[in-house]
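Here the structure is a predicted model, which means the values were calculated and not measured. So that the names make sense, note that chain A is the first sequence line, chain B the second, and so on, each numbered from 1.
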Number of protein chains: 2
Amino acid sequence: MIMTTLKLDMNSNLYLRDPQETELGRRILEVSIEMIDELGFEKFTFRKLAARIESAEPSIYRYFENKHRLLVYLIAWYWNWLAYRIDFNTQNITTPAEKLKIAIDLLAQKKEKDPLFPSIDEAALYRIVIAESDKTYLTKQVDDDNKEGLFLGFKSLCKKIAGYVKLVNPDYEFPHTLVSTLMQTAHQQLFFSDHLPSLTEIGRTNENIYDMNKRFLTDIVFKTIDKDQLN
Amino acid sequence: MIMTTLKLDMNSNLYLRDPQETELGRRILEVSIEMIDELGFEKFTFRKLAARIESAEPSIYRYFENKHRLLVYLIAWYWNWLAYRIDFNTQNITTPAEKLKIAIDLLAQKKEKDPLFPSIDEAALYRIVIAESDKTYLTKQVDDDNKEGLFLGFKSLCKKIAGYVKLVNPDYEFPHTLVSTLMQTAHQQLFFSDHLPSLTEIGRTNENIYDMNKRFLTDIVFKTIDKDQLN
DNA sequence: TGGTATTGATAGTATTACTATCATAAATGG
DNA sequence: CCATTTATGATAGTAATACTATCAATACCA
């Protein structure tokens, strides 16, 4: 039986000390996911985190400049993980339409524990992505953060999927626009379905919300790019 | 010459004392728009606002429970204003497809000063909507806030436009999902175009970004709902 | 064994998000 | 026109947040 654990390649500007390298670092990731999920990002503090892992506040600051950077790190990790899964699942697929479909499936799919990354609770992280990820870039420092490469995870995944779109229909004018919309909408609609249900049909029937979301997204994407889809 | 100013109907749970009723209230609205635009929501505080309007912090707390409520108020005001403009501009239009098109136009249009509301700088408010509006509901208290009706502006506008969608194609399965996506995407893409341009084609050519955004949105909406659009 | 890096413990600071209290001014009503 | 309610302003205070500085203890490494 093969036991493997992987480390995702993270842009080194995301952290001060690499949290994947040390025991304390991995505890910070593990417990911060748990606590942000539980408390929400605004009520989450490094002091509370330090208390729960029985460490000290300054020790955490040695890994992350501040809690915003930690959030950006977690969200970047999520996008890198998704990109990895999309690559993995589309390896032997030749038709771009099929690749695109798989990417949408993986994007909108319910997330479960991935044994390759023992210290990450992917289900909790996905809830954080849904509720908090927009906060990574909706700040006044977005341009500085972007220059530092903090959003490369999101951007490169967008580029990858937009590449599939271009292969399906090289004449479509807005591949990146469509894909960034797709990526955002996938999470947003799950949030709406949960908290503001009058904004969406998803969750109104007894069909599984993830499947329904997938159908909505796949429909919109293929209708938009594929002029001849009805033939 | 007719001089009219209007007051939009705001849900009374949004405020403690109605800011449209008093001089100080209107100053709070006016200057908070200016300051949130300038500083961003996180660096904006009631203390700084009080200083700039030469009032006192507690006086502001008499109008709004806290700065989050003030933001929710401003965003709700924006949605009510848009709903009003959509009603006004679709009054004599009979075909639902045309109504829908006008709604998308108004949604994505560049916003300029509306003389009907002298104390509101709509251009600045629109920048706030783009950069901050998601923060109104991405909180742990979203369900409580929703029960209080704080998001009625957004929800009723979504319902209105989804109504047009249903008239265009009564068989389309996801009218609200599509429209909430449309409403979010309209702002999001302008943000991306400004700060994360690799996520969108909008702004890459010398075509006006608002027009380009409109074309993208109109295309996606009509392709999605109108099976026969190409005929 | 000596040195370097990592962590933990304690303490401290400026700022934030409020709340309480009280005086004054302005508007309102009999 | 005086009395009273109401809105505002001024001052002060509190608990919590987002850090930063300092130093000792420990571990690991040559």
Using a 4.0 Å heavy-atom cut-off to protein, can you give one letter per nucleotide of nucleotides 4-19 of chain C, 5' to 3': B if the base is in contact, S if only the sugar-phosphate is, - if neither?
--SBBBB-B---BBBB
Is a side-chain N or O of K48(A) found less than 3.5 angstrom from the main chain of K43(A), in a donor-acceptor match?
yes
Could you check how far CG of L16(B) sits from P of dA7(D), rounded to whole Å?
12 Å
Compute whether any side-chain donor of one residue and acceptor of the other, for Q189(A) and S180(B), lie under 3.5 angstrom apart.
yes
Ignoring hydrogens and geometry, is there a side-chain-to-backbone donor-acceptor pair from Q20(B) to K7(B) under 3.5 Å?
no
Test item: K160(B) side-chain N/O and A83(B) main-chain N/O as donor-acceptor pair under 3.5 Å
no
Just say parallel, tilted or perpendicular for the rings of F46(B) and Y61(B), cut-offs at 30° and 60°.
perpendicular
Ion pair check, R85(B) and E122(B), cut-off under 4.0 Å:
no
For D134(B), is there an ion pair with K135(A) - N to carboxylate O distance below 4.0 angstrom?
no
Give me the distances for all protein-to-nucleotides 23-29 of chain C N/O pairs that come in under 3.5 Å?
none

Do the side chains of K140(B) and E42(A) get close enough for a salt bridge, i.e. N-O under 4.0 angstrom?
no
How many whole angstroms separate atom CG of L70(A) from atom C1' of dT17(D)?
16 Å
